[in-house]
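Here's the structure, in structure tokens; my notes come after.
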Number of protein chains: 2
Amino acid sequence: MSDKTICPRFESALDILNKRWTGLIIFQLLEGAQRFSTIESVIGISGRVLSERLKDLEKSGIVKREVYNETPVRIEYSLTEKGRALEPVIKSIQQWAEGWMDGESSAK
Amino acid sequence: MSDKTICPRFESALDILNKRWTGLIIFQLLEGAQRFSTIESVIGISGRVLSERLKDLEKSGIVKREVYNETPVRIEYSLTEKGRALEPVIKSIQQWAEGWMDGESSAK
DNA sequence: ACACTTAGTTACATAAAGTAAGTTATTTAT
DNA sequence: ATAAATAACTTACTTTATGTAACTAAGTGT
């Protein structure tokens, strides 16, 4: 009731995007549908958190989960239209990174 | 030595941007230089974390800290050129948010 | 001396993320 | 038939990050 918020939509967008790993997951899925274990090993996230993030992203309509009954089962995650609409965001971060980051040294 | 990274610059950019509060702090500073207590109350971050974030952002050259010896002392934080270069990123998030988020319901 | 203001910091509590082993279901190997 | 393998998770437990609230330092005003 006293939650003053400077820009509600922007802030709820950040609630999603500003979580650890979300950016990389979306970046990775922009390459196309991928399975759990691929994402896990490519971006180096733990299975526990990847599972959690994918559920969050599915719930917010950014990611779609599809089951293929092959053997062993294949489950693929891909971006929805809403998710693909994030491409300009990712691209703008990339452009900034190319212009201003020096690959090596950084915060951490 | 085994840290496979899909895009080093992009990932180090995310190391900074993808931290909680960083997006909002930059959004807020795009309005102009501001003091600690203003940022703290406007975005609703705790002093402990704000202090930590501002130091990180200063270290990565995104934010500049300036001391004015008035009384009581006034300290202003503002964006450097590198920081202002993030405006397109913030704008693209805003555009996405306007097109795809519905102000209210969202991931918690 | 005492209170007030800004800009922090410190100590402690809670929440989020990392690690590694376990689960379920199905298939292939022995 | 039993054992091992694989994918996609989940569970239990540890470590790290964030939140809360009280406290410090320096300068002014009363």
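Order of the sequence lines fixes the chain letters, A, B, ..., with proteins taken first and strands second; residue numbering starts at 1 for each chain.
- As rounded to whole Å, 17 Å separates atom P of D:dT6 from atom CD of A:Glu70.
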Would B:Phe36 and B:Ile75 count as a side chain to side chain contact (heavy atoms under 4.5 Å, CB included) if you check the C-alpha gap in whole Å, the side-chain angles of each, and the deciding distance to 0.1 Å?
-> CA-CA 7 Å; B:Phe36 191 93; B:Ile75 293 174; over 6 Å; no

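- Between the CD1 atom of B:Ile25 and the P atom of D:dT18 there is a distance of 11 Å, rounded to whole Å.
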Sequence-aligned protein contact record of nucleotides 2-10 of chain C, with B where the base is within under 4.0 Å of a protein heavy atom and S where only the sugar-phosphate is = ---BSSSBB

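- Per the geometry, CZ belonging to A:Arg20 stands 14 Å off P belonging to C:dA16, to the nearest Å.
- Listed by chain and number, the residues in a side-chain hydrogen bond (donor to acceptor under 3.5 Å, both in side chains) with B:Glu31 amount to none (sequence neighbours excluded).
- Computed from coordinates, the A:Gln34 CD to D:dA7 P distance equals 15 Å when rounded to whole Å.
- For the pair B:Thr71 and D:dG27, the criterion of a side-chain N or O lying under 4.0 Å from OP1 or OP2 is not met.
- Note on A:Trp21: a side-chain N or O is less than 4.0 Å away from OP1 or OP2 of C:dG18.
- The heavy-atom pair separating A:Ser78 from A:Glu66 by the smallest distance is OG-OE1, 4.3 Å.
- Counting heavy atoms from C-beta outward, A:Arg20 and A:Val49 have side chains that stay 4.5 Å or more apart.
- Residues A:Ala85 and B:Trp96 come closest through the heavy atom pair O-CD1, 3.4 Å.
- Considering all non-hydrogen atoms of both residues, A:Arg9 and B:Asp102 come closest at NH1-CA, 3.9 Å.
- A:Leu50 places its CG atom 10 Å from the C1' atom of D:dC9, with the value rounded to the nearest Å.
- A straight line from CD1 of B:Ile45 to C1' of D:dG19 spans 10 Å, rounded to a whole angstrom.
- Atom NZ of A:Lys19 is separated from atom P of D:dT18 by 12 Å (rounded to the nearest Å).
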